Amino acid sequence: MRAGRIIAALAGLCAVAAGALAQAEEAPGLDPALRINQLQVLGTHNSYAAGMDPRLTALFADKAAVLFAHLEDKLPPADRALFREEHPNPVAVADMLRYAHPPLAEQLDLGARSLEIDVNPDPAGGQFSDPVGYRLLRQQGATGLLPFDRTGLDQPGFKVLHIADVDFRSQCPTLRQCLRQIRGWSDAHPRHVPLFVLIEAKVQDVPILPGATHTVPFTPALFDALDRELEEGMGRDRIITPDDVRGPYATLNQAVLAGNWPTLAQARGKVLFLMLTATGPGGIADYLVGHAGLKGRMAFLSSQPGQDYGAFVLMDNVRARAEEIRRYVAAGYLVRTRADIETYEAKVNDPSRAQAAFASGAQVVSTDFERPGNAYGTSYMVTLPGGQAARLNPVSGAVPPPAARSARP
């Protein structure tokens, strides 16, 4: 009996210690008065990606190479230049997707404080539950394919995958599951620095294989439904929204340039959603319908500096945009850039893009290689300098932000 009481007491002390650890503040050396745009964090790219079966890679690689070449040829000159900027490395199609991430909570445990989730509308349910790629491989006699989690895919909602029929294996097949995982981790670490969660609204078909699954275009109503899922999944009290940052200012852009971001103390335990979406039908314009300037929206929208909703800027190629990134970060914008693009840096074991990304001041630096080990057998991996969950931004953290001013009538 006495031994049992001792064991129970020790178990209780362990539970108390675990609770105290969960309550501890991350990066305690950072000034709580810092604005959140004065931080820098490590993120993961396509964070849900569980990796492709090699046989599927072989099936689609040649077809995809032809498709991408034709796509580039058809683009207007300005779009072609942007395409080449965003795909700067000499990488074979078969190598572009040679990465995989562990479950979201494990990425957060490793130190990532930004995640990227691709969402595909599926208002009827079942749109992505039978990928053509696996169907073709089975017809060819393939067995033992890497497991494909179909949980929730038959139900209406937003599905999380990269490319229909091809790159569809996900650590959380539905947005609700992804948000549940993020919320669960946040509950267990209530004093975490804010999480920057990128939401990419997929709007383009990529018909690589015969009988390809077609995506459902976004509409204003589907964007409304997406916002509802974000709010229900995290809780409004956990989300830093454009309205929260705008405050008394006439536009979100004015508030950002005035440094009206929340302080670190105000933002601990919370999440920002940063929306990426293409232009054209189903793209940026539809997220603004009925929500001019992002009023009432859950997410910040990828923007150009100076737009009335300008707050978040996407500049993935730091080698092409380093000076612009520094300028925009110094002005008050949030910027995301990438430490590696399409696995090239891991293949050649070159950390120089990651080093340039951190030096640029981009608040979110995303990687596909947040842990040791990769498909190329190199030592390439990316961690935030200093080893903390967040660090003082090397650009915007160097000087105090402008004092927030009252909006003028």
Side-chain angles (χ1 to χ4, degrees), residues 25-45 47 107-116 189 191-198 240 245 256-257 259-274 276 300 302 305 311-341 345 351-371 381-402:
E25 285 192 345
E26 291 184 336
L30 291 174
D31 186 342
L34 285 170
R35 303 286 175 162
I36 61 174
N37 65 308
Q38 294 181 280
L39 306 176
Q40 187 175 62
V41 302
L42 178 71
T44 54
H45 165 252
S47 310
Q107 295 174 54
L108 294 168
D109 285 340
L110 287 168
R113 291 297 175 267
S114 176
L115 301 169
E116 183 175 343
H189 303 81
R191 298 298 295 162
H192 63 77
V193 298
L195 305 180
F196 301 81
V197 180
L198 282 74
I240 298 169
V245 174
V256 164
L257 295 178
N260 203 44
W261 293 100
T263 65
L264 174 59
Q266 294 167 334
R268 286 189 179 276
K270 296 187 178 183
V271 170
L272 290 82
F273 290 114
L274 308 173
L276 323 177
F300 298 85
S302 177
F312 164 54
V313 182
L314 188 71
M315 289 192 161
D316 282 346
N317 188 346
V318 68
R319 294 194 188 283
R321 302 285 181 174
E323 290 306 316
E324 288 170 274
I325 292 173
R326 290 188 186 94
R327 185 165 68 251
Y328 295 147
V329 168
Y333 295 98
L334 291 181
V335 180
R336 195 289 287 268
T337 195
R338 290 177 64 174
D340 34 76
I341 298 178
E345 285 74 19
S352 61
R353 181 181 292 276
Q355 292 164 354
F358 288 122
S360 75
Q363 287 89 350
V364 176
V365 177
S366 298
T367 181
D368 286 316
F369 303 97
E370 73 280 10
R371 56 180 175 165
M381 66 173 291
V382 181
T383 58
L384 185 70
Q388 296 290 318
R391 71 166 183 163
L392 184 67
N393 190 290
V395 174
S396 60
V399 293

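The model shown is predicted, which means the values in this text are computed figures rather than measured ones. By convention here, the first residue in the shown sequence is residue 1. Worth knowing before you read on, the calculation uses all heavy atoms, side chains too, and leaves out hydrogens, waters and symmetry mates.
- By the side-chain hydrogen bond (donor to acceptor under 3.5 Å, both in side chains) test, Ser114 is found to be paired with no residue, residues two or more places apart in sequence or in another chain being considered.
- The shortest heavy-atom contact between Pro394 and Ala359 is CG-O, 4.3 Å.
- The closest side-chain heavy-atom distance from Val245 to Pro262 is below 4.5 Å.
- Residues Ser360 and Arg321 have side chains that never bring a donor and an acceptor to within less than 3.5 angstrom of each other.
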Can you check side chain to side chain donor-acceptor pair (under 3.5 Å) on Thr44 and Gln107, steps first, answer last? CA-CA 8 Å; Thr44 54; Gln107 295 174 54; 2.6 Å; yes
Please evaluate residues Glu345 and Phe369 with respect to the criterion side chain to side chain contact (heavy atoms under 4.5 Å, CB included), reporting the C-alpha separation (whole Å), side-chain torsions for both, the decisive distance (0.1 Å), and the verdict. CA-CA 10 Å; Glu345 285 74 19; Phe369 303 97; over 6 Å; no
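- A 4.5 Å side-chain heavy-atom check between Arg268 and Val193 finds at least one atom pair inside the cut-off.
- Between atom CG of residue Asp316 and atom CD1 of residue Ile325 there is a gap of 8.5 Å, rounded to the nearest 0.5 Å.
- When Leu39, Leu30, Asp31 are each tested for a side chain to side chain contact (heavy atoms under 4.5 Å, CB included) with Leu392, only one passes: Leu30.
- In this structure, Gln40 contributes its side chain and Ala362 its backbone to a donor-acceptor pair below 3.5 Å.
- Tested against Arg353 for a side-chain hydrogen bond (donor to acceptor under 3.5 Å, both in side chains), the candidates Asn317, Thr337, Asp340 yield a single pass: Asn317.
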Apply side chain to side chain contact (heavy atoms under 4.5 Å, CB included) to Phe196 and Arg336, showing your working. CA-CA 10 Å; Phe196 301 81; Arg336 195 289 287 268; over 6 Å; no
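- Using a distance-only test at 3.5 Å, with no hydrogens or angles considered, a donor-acceptor pair links the side chain of Gln363 to the main chain of Asn37.
- Across Leu264 and Pro194, no two heavy atoms sit closer than the pair CD1-CD, 3.9 Å.
- Val365 has its side chain out of reach of Val318: every pair of non-hydrogen atoms, C-beta onward, lies at least 4.5 Å apart.
- A donor-acceptor pair under 3.5 Å is absent between the side-chain atoms of Gln38 and the main chain of Asn393, judged by distance alone.
- Of the possible polar contacts, none joining the Thr367 side chain to the Ala339 backbone as a donor-acceptor pair under 3.5 Å is found.
- Separating the CZ atom in Arg338 from the NE2 atom in His45 is a distance of 3.5 Å, to the nearest 0.5 Å.
- Between Tyr328 and Met315, the closest heavy-atom pair is CE1-CE, 3.4 Å.
- Proximity of a side-chain donor or acceptor of Arg113 to a complementary backbone N or O of Leu108 within less than 3.5 Å is detected.
- The side chain to side chain contact (heavy atoms under 4.5 Å, CB included) check on Ala311 picks up Leu252, Val256, Trp261, Phe300, with sequence neighbours excluded.
- The heavy-atom pair separating Pro32 from Thr263 by the smallest distance is O-CB, 3.5 Å.
- A 4.5 Å side-chain heavy-atom check between Leu42 and Val382 finds at least one atom pair inside the cut-off.
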